[in-house]
Amino acid sequence: MLHEILLSLSGHPSPLLRSALSSSSSSSSSTNDNNINNTDLSTAVHGILSPPERALLQSLARLSDLHVHLLTSTSHIASCHASVICRAVASAIDSLHLAAFRRKVLEVESTILQKDAALVGAYNIVPLTAVVAEFDGWARTLEWLTGVVQLMDAGCTGAKVVDFLRAELQTGYRDVEQTARSLVAVAEAAWVKQVSAWVLYGRVPGLGEGDFFIVARRRRGAGKEGAEVEGDSADGEEEYVCEKGLLPGFVMPATAESMWFIGRSLNQIRAKSVGDYTLRGEDHLSSQLTRLASLKHPIDSATFARTIADIRHFLSRTTLQRLLPLSRVLDTLQLFRDFFLLRRGEFAMALTQQADEKIRSRWKRAENLAYEKRDGFGNVTVKEGEVATVLARTWAAMGSMQGEHADEDEGLELARDLLRLTVAKSRTSTSTTPAAIESGLTAIAPTPFRNLLFSVPVVLTLQIPSPLDLFLSQSDLQTYTAINSYLLSLRRAHLRLTDLWKITSLRRHHPAPPGPPYGSTRGGREKVHLLRQRHATRSSILRNAWATASAAIFFLGEIEGYLQTEVVAGLSDGFHRWLRTGEDDSRHNDDSSNQTLTTSPAREYDGPDHAPDDNDDDIWLLESGPASPRSPSRSQQQQHQRRSHMRHDPQTLATAHRRYLRTLVHRLLLSQQFFTDPLYELLVQIDHLVALVHRLHSVWAAADLEADAGVVDAFVDLEKEERDVQREIRGVEGRVKSGIEGLVGELRRLEGAAGSLLFSGSGEQSDGDEAGEAVRMRESGEYAPRRVGGVDRLLMKLDFGSWFGRGGLEVDVDAMEED
């Protein structure tokens, strides 16, 4: 009987223990009854054993069943499960814990065979209670292991198994804790091996690929709006996506982003290094692999984050700097600054002129076809090819502005290769990815500024080349696109209003007397008086329109000046200075460096990264030791060098760039929908006013032809149309005035609600909190946006000269007419 018990505990099903288990009324489990069915033996055992003995055999039968079940399940999981982590855990359960249980059975058997007094009593009697006592505690362990196996059998992912095992470390039972700790070490070691293949070689593990948190997907090609949403990538190109649900709980989001970034960068390096062996940097990866293998289990989140950060910095120093040099990053950011943020004003002017010319040509074509086809208005819609043609003509216009030196403008050539002007579809749902949140895309108001250039949604975008997507994402590009539409709409309205002054015959016209001999006659003089009276009447009609246009020009000019010089220029200069020198303190500006250079004109200066020549310095000052400010200590030099490497790390650069974009969105007031919506309505009314003035000018030109030359258009009632246009102009004048006053009121409300309206990266906060956060970021070498802007200064300019009074719009029209 003892031999049967020990065989059953070793994993061989026994009819003796099964009959004892089935005969007990309190038994709660019975397995594999179809393997052995011996009725006679069951009846015999039932008659021989007493109830206490059957109760003891029941506990041993439970251990036997758990052992058999674990052997079968772990074997199946280790061979068939999709997760490598689950396979490793199942193999560890079998090779470690079930093997330990079998060794315990062998130890008990050896003790009995040796007739050890610990188990064998007088007359070689082995008490059944002593045998049961030897396996005390194993029931809880095997039951807990059964729960782990059932979890993996249910199709659980490796990350959930790791989280479950880490949570079980707090169970309170020492034996279960030790078992869970050993399985945690196995599971985490298997996961770290997968991670090492990704962060050191940029390869998704081939075995258990669907269980890894990096998933390779086929990227869709760009459609009409693909340049804005999906990028201009080719069809079928693979992209790697981080699935947060496949990550263990101890991995922080920033660490996951670092791992995703490292592997994606190494993929690009491997693809690029096919013909360039200088980019292959797998020499010193053994040291990084040793660091990953030396992690203690259970893995601490902070320790793992530091290890991944060190690997990222190591790869940045050795490989990524050759793939993405700082000079290329600066050229790309300068491209965004020049064309998306409209630093080059000639681009906005040429694009606006070409777009207006295209719209006018489409309307003329529709008017010509309207007599033959009543659906002529359908031909006004701008097509994708025409939008691309407008951008091409814009490049040609900018080249003609520069003359023979157009080919020397490298920035213009780069923009011509990368920039695209496309017709976008209806606004899609804003992405809620971490990159979109960090770049401020989710905070941008949904005001449709992109509809103003062509009256259809048109966006300026670009193709992100392969190395640049290490720090540029599609969310960053969409943020730049939204900012460009916002700034371009303001510049366009300003240009269209100032173009009204180019219509000289409409603004200022004083007819001269006709030539002799008709000019000296009475009829000639009456003709001159008639013409002058006509133009004086028309000037009085447009008097308020000119005043309103002048006020709108002043308002738009001050808004543009504030956004471009105060916000965009301040933040962009600070970000570029941080990239070059690692410093961006608002107390230091570029004027101080220029002043330093002008004090020593004989000294040659090559930029912020190159120190001036020290040949003219006092040699005694150079030998003054560590106290001299010109001779920093070795630790300071090492710290500066480390910060320089961190600053040039592509992921650090991407994080700083998104913080810069997020701050730019808030400081431009683009996140304040109660400001952007009235501004959009004002820009629409300004377009309406410009269109009505041009229409009135054409009506008056037709009336002059009819009155002076006898050219009559029988299909048009010029007098009625003139009255209608004048009435509409008066209505638009009022709406423009009220729109300007409403926007000024919103600015006053912002000033009162938020002081100087200084926004941090994550939103609005107090000046003290923002200053403390900026100091902490600067001390750690991170990019801290400058404190720029301030609505109070804008309001001071708007109030200067009583242009905007409390009672309404006050404009000195007489002084303007003298111009």
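Only this structure's heavy atoms are used, side chains among them; waters, hydrogens and symmetry mates stay out. Residues take their numbers from the sequence shown, with the count starting at 1.
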Test item: [X] side-chain N/O and [Y] main-chain N/O as donor-acceptor pair under 3.5 Å:
X: N267; Y: G202; value: yes
X: N484; Y: F339; value: yes
X: R344; Y: D338; value: no

Among F449, Y480, F675, the one residue meeting ring pair (Phe, Tyr, Trp, His ring centres under 6.0 Å) with Y486: F449
Basic-acidic side-chain contact under 4.0 Å: R166, E188: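 Looking at E188 together with R166, the answer is yes, because their closest N to O distance falls below 4.0 Å.
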Side-chain donor-acceptor pair present, [X], [Y], cut-off under 3.5 Å:
X: D476; Y: S473; result: yes
X: T447; Y: D677; result: yes
X: Y660; Y: S572; result: yes
X: T655; Y: E438; result: no

Can you tell if the side chain of [X] reaches within under 4.5 Å of the side chain of [Y], non-hydrogen atoms only?
X: R264; Y: D469; value: yes
X: F212; Y: L246; value: no
X: T332; Y: F336; value: yes

Quick one: does NZ or CZ of R393 land under 6.0 Å from the six-membered ring centre of W395, within 45 degrees of the ring axis?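 No, a cation-pi geometry is absent between R393 and W395.
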Worked verdict on W191 versus F304 for ring pair (Phe, Tyr, Trp, His ring centres under 6.0 Å): CA-CA 13 Å; W191 184 78; F304 183 71; 5.5 Å; yes
From L669 atom CG to E746 atom CD, the distance as rounded to the nearest 0.5 Å: 11.0 Å
